[in-house]
Q: 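Take a look at this one; I'll ask things after.
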Amino acid sequence: FDAAAAPRTPVPPRDNAEKPAKPDKKATFPAVTPRGNAANLIGKKGPPLQAQSWLTPQPDTKAKVVIIDFWATWCGPCRASIPHMNDLAAKFKESVVAVGLSDEDAPKVQAFMKKTKMNYTVATDPGGRMANVTRHKGIPFVIVTSPDGIVRWQGHPMSLDEATLGQIVDASGAAASASPTDSMRWVTTGQD
């Protein structure tokens with residue numbers, strides 16, 4: 001052993017253990033100012049999802065973010081926002097339930113749906129039970145609730161963008177509740 005060739009300060013052994021991961025920054029709900037002429041429900045419990053007639057299968061809203069779109073067949077801006085609602089419903093299909101809720105009678109809405117593609121849940125509520133809670137004065141009008149039923153966003157559906165909806169999904173944990181088979185579809189098990 002040649003002491004002159006030895007390092008003067010001891011070299012600590014390498015630590016091959018993984019360094020502790022920094023905690024992820026917790027996702028938060030968007031800070032929003034309510035829009036439209038309606039009751040300010042942001043941060044408050046929203047109305048329970050109620051309909052007189054489900055024109056599509058009634059959705060399972062457990063662990064999902066829910067968008068309620070108050071609309072009517074005679075409303076031009078409502079009709080113009082349907083493609084946007086179709087896009088949001090498709091993009092977030094694993095974590096969001098979109099419901100178009102009209103206060104018109106079921107046959108009128110069904111006839112409209114034969115001509116206009118609506119790729120989300122559609123229902124009618126002529127009694128306006130949910131609308132009575134929101135007290136909105138104009139349509140289209142949307143509320144977005146997290147899985148705990150708290151209103152996280154409200155306003156015109158065209159103002160609800162993917163980034164805002166994605167932030168609500170992330171903050172609510174709804175994305176984590178998506179089907180595990182979808183998130184694992186590219187993983188191979190070696191049993192092929």
Side-chain angles (χ1 to χ4, degrees), residues 25-51 54-56 59 61 63-104 109 112-113 115-126 128-178:
K25 186 177 178 182
K26 187 171 185 312
T28 58
F29 292 107
V32 296
T33 303
R35 298 179 179 163
N37 191 0
N40 180 1
L41 298 176
I42 304 292
K44 299 174 186 162
K45 194 81 166 166
L49 181 56
Q50 300 178 50
W54 293 97
L55 306 181
T56 57
T61 60
K64 304 268 183 146
V65 169
V66 179
I67 303 172
I68 306 296
D69 178 16
F70 297 93
W71 73 288
T73 61
W74 53 263
C75 169
C78 299
R79 292 190 309 266
S81 69
I82 290 171
H84 178 65
M85 290 297 296
N86 282 337
D87 290 344
L88 290 176
K91 176 140 179 94
F92 294 94
K93 68 182 175 184
E94 299 300 326
S95 51
V96 173
V97 170
V99 178
L101 188 64
S102 176
D103 64 0
E104 299 169 288
V109 176
F112 176 82
M113 290 172 61
K115 298 181 236 163
T116 304
K117 190 173 190 174
M118 298 178 77
N119 297 329
Y120 49 96
T121 304
V122 181
T124 63
D125 183 28
R129 292 172 290 185
M130 292 184 70
N132 289 337
V133 175
T134 64
R135 298 191 314 264
H136 59 274
K137 304 292 184 217
I139 55 173
F141 178 73
V142 164
I143 61 171
V144 180
T145 61
S146 50
D148 58 3
I150 303 298
V151 176
R152 302 298 178 176
W153 192 92
Q154 70 182 57
H156 193 287
M158 296 300 282
S159 298
L160 178 60
D161 58 27
E162 288 181 17
T164 301
L165 185 55
Q167 187 177 356
I168 294 168
V169 167
D170 290 344
S172 69
S177 67

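Not measured: the values here are computed from a predicted model.
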Q: Which heavy atom of Met130 sits nearest to which heavy atom of Leu101, and what is that distance?
A: SD-CD2, 3.6 Å

Q: Is there a side-chain contact between Pro59 and Trp54 in this structure, where contact means two heavy atoms from C-beta onward sitting under 4.5 Å apart?
A: yes

Q: Is the shortest side-chain heavy-atom distance between Met113 and Leu55 below 4.5 Å?
A: yes

Q: Could you check if a side-chain atom of Ile168 sits within less than 4.5 angstrom of a side-chain atom of Trp153, using non-hydrogen atoms only?
A: yes

Q: What closest approach, in Å, do His156 and Pro77 show between heavy atoms, and which atom pair accounts for it?
A: NE2-CB, 4.4 Å

Q: Checking Asn40 side chain against Ile42 main chain: does a donor-acceptor pair fall under 3.5 Å?
A: yes

Q: About how many Å separate CH2 of Trp74 and CZ of Arg79, when rounded to the nearest 0.5 Å?
A: 9.5 Å

Q: Distance only, no hydrogens: is a donor on one side chain within 3.5 Å (strictly under) of an acceptor on the other, for Thr73 and Glu104?
A: yes

Q: Side chain to side chain contact (heavy atoms under 4.5 Å, CB included) with Pro47: which of Val133, Asn132, Ile68?
A: Val133

Q: Out of the candidates Asp69, Thr116, Asn119, only one should pair with Ile82 under the side chain to side chain contact (heavy atoms under 4.5 Å, CB included) rule; please name it.
A: Thr116

Q: Tell me, please, which residues at least two apart from Pro83 pass side chain to side chain contact (heavy atoms under 4.5 Å, CB included).
A: none

Q: Under 4.5 Å between any side-chain heavy atoms of Val99 and Thr61, yes or no?
A: no

Q: Below 4.5 Å, heavy atoms only, C-beta onward: do Leu88 and Glu162 meet side chain to side chain?
A: yes

Q: Indicate the atoms forming the closest heavy-atom contact of His84 with Leu160, along with that distance.
A: NE2-O, 2.7 Å

Q: May I ask you to test the Met85-Trp71 pair for a side-chain heavy-atom distance under 4.5 Å?
A: no

Q: Do Val65 and Val144 come within less than 4.5 Å of each other through their side chains, counting heavy atoms only?
A: yes

Q: What pairs meet the salt bridge (charged side-chain N to carboxylate O under 4.0 Å, His left out) rule with one or both residues in residues 129-151, with sequence neighbours excluded?
A: Asp125-Arg129, Asp148-Arg152

Q: Can you label the angle between the Phe141 ring and the His136 ring as parallel, tilted or perpendicular, going by 30° and 60°?
A: parallel

Q: What pair of heavy atoms forms the shortest contact from Pro157 to Val142, and how long is it?
A: CB-CG2, 3.4 Å

Q: Please find the pair of heavy atoms, one from Ala72 and one from Ser102, that lie closest to each other, and give the distance.
A: CA-OG, 4.0 Å

Q: Calculate, to the nearest 0.5 Å, the distance between atoms CD1 and NZ belonging to Ile150 and Lys44 respectively.
A: 11.0 Å

Q: Quick check: closest heavy atoms across Thr134 and Ala131, and the distance to 0.1 Å?
A: OG1-O, 3.2 Å

Q: Do Lys64 and Val96 have side chains that get closer than 4.5 Å, going by heavy atoms?
A: no

